[in-house]
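In this chain, numbering begins with 1 at the start of the sequence shown.
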Amino acid sequence: KQFFTRRGLTQFVDVRQENLVPQLGSAEYDMIWLQAVMEHLLPEERTEYLPRFWEALRPGGVLVITETPNRFWPKETHTTGGRWWLPWQAPHTVFHTLRRDQEFQRYSDEDFYRSGIIGSSYSEIMNCLSRPADCEELAWGVRSYLPAVYGFAKVKSPLRGALVHAFGLAEPLLKRLFRQPVQGVLPFLDHLAFRKRGAGN
């Protein structure tokens, strides 16, 4: 709310923290922003909810998905403090492994999902959306995503700045190699955005 207030946009924005899915109508919103939502949904909710959000967009509307830990990234830093290889394992294997630790012994499968430990991936998001024909993936059109988003690294550390610059130069190659926008190969799938094409687009 403070973010939108500072920009004078409060009259255009409805900030909610609740289960909105049962209330969604068709072609009701210009933008839906899922901020740190995907990683806390159960698998069946991801499959059910994303098409509902997409249907709730007006033509020209945008669906933004941010901050879901990437299931294809080797290190899990979101909830366990930095365990390696967990994201590459099947969820039931992850849960079995973590239950060996006293901290997680009483966790149910649902508790693990709700904690955010099983992130999403670019492919899963696209599959949940059923890859609609009216979907324009805005992430594909973004050039120099890494230098723009991680520009603060240049201030914090010249070495980090050099690495960000190098990866920024490699972005076109990464897109071709992995057949997805560069966000899809980062540890967090920050700022994936999808526009719903209108009838005239």
- Item | For S26, all residues meeting side chain to side chain donor-acceptor pair (under 3.5 Å), sequence neighbours excluded | none
- Item | Taking every non-hydrogen atom, the tightest pair across Q11 and G8 | OE1-O, 3.2 Å
- Task: Output the distance between atom CE (M38) and atom SG (C128), rounded to the nearest 0.5 Å.
- Result: 5.5 Å
- Message: Give me the atom names and distance for the closest heavy-atom approach of M31 to V64.
- Response: CE-CG2, 4.3 Å
- Message: The test is side chain to side chain contact (heavy atoms under 4.5 Å, CB included); show your working for F167 and V182 and say whether it passes.
- Response: CA-CA 10 Å; F167 277 111; V182 70; over 6 Å; no
- Residue pairs involving residues 173-185 (criterion side chain to side chain donor-acceptor pair (under 3.5 Å); sequence neighbours excluded): none
- For W85, which residues count as a side chain to side chain donor-acceptor pair (under 3.5 Å) partner, sequence neighbours excluded? none
- Query: Looking at residues at least two apart in the chain, or sitting in another chain, which of them share a side chain to side chain contact (heavy atoms under 4.5 Å, CB included) with P132?
  - Reply: W54, L129, D134, C135
- Is any side-chain heavy atom of L63 closer than 4.5 Å to a side-chain heavy atom of L192? no
- Query: Taking only residues two or more places apart in sequence, or in another chain, which ones meet R7 in a side chain to side chain contact (heavy atoms under 4.5 Å, CB included)?
  - Reply: F3, L9
- Item | Working for side chain to side chain contact (heavy atoms under 4.5 Å, CB included), residues Q89 and T97 | CA-CA 10 Å; Q89 300 174 38; T97 301; 4.0 Å; yes
- Pairwise side-chain contact, W73 with P87, heavy-atom cut-off 4.5 Å (strictly under): no
- State, to 0.1 Å, how close F4 and W33 come at their nearest heavy-atom pair, and which atoms those are. CZ-CZ3, 3.8 Å
- Message: My understanding is that only residues two or more places apart in sequence, or in another chain, count here; which of them pass side chain to side chain contact (heavy atoms under 4.5 Å, CB included) with L169?
- Response: H165
- Message: According to side chain to side chain contact (heavy atoms under 4.5 Å, CB included), who are the partners of Q102, at least two apart in sequence or on a separate chain?
- Response: Q105
- Query: Looking only at heavy atoms, what is the nearest atom pair of H78 and S115, with distance?
  - Reply: CD2-O, 4.3 Å
- Item | Heavy-atom check, side chain of E55 versus side chain of L24, under 4.5 Å | no
- Query: Which ILVMFWY residues are connected to I118, directly or by a chain of links, through side-chain heavy atoms under 4.5 Å apart?
  - Reply: L42, L86, V94, F95, L98, F104, Y107, F112, Y113, I117
- Does any non-hydrogen side-chain atom of L34 lie less than 4.5 Å from one of Y49? no
- Close side-chain approach of V62 and L57, heavy atoms under 4.5 Å: no
- Message: Tell me every residue that passes side chain to side chain donor-acceptor pair (under 3.5 Å) with S120, counting only those two or more places apart in sequence or in another chain.
- Response: E124
- Message: Please enumerate all residues that pass side chain to side chain donor-acceptor pair (under 3.5 Å) together with R114, with sequence neighbours excluded.
- Response: E45
- Among residues two or more places apart or on two chains, list those pairs meeting salt bridge (charged side-chain N to carboxylate O under 4.0 Å, His left out) that have a residue in residues 21-40. D30-R58
- Query: Do R46 side-chain atoms and L41 backbone N/O form a donor-acceptor pair below 3.5 Å?
  - Reply: yes
- Message: Within the 4.5 Å heavy-atom criterion, are F188 and N70 side-chain neighbours or not?
- Response: no
- Pairs touching residues 65-86 that satisfy salt bridge (charged side-chain N to carboxylate O under 4.0 Å, His left out), sequence neighbours left out: R83-D101
- Decide yes or no on side chain to side chain contact (heavy atoms under 4.5 Å, CB included) for I65 and H191, but give the supporting numbers first. CA-CA 6 Å; I65 300 173; H191 307 300; over 6 Å; no
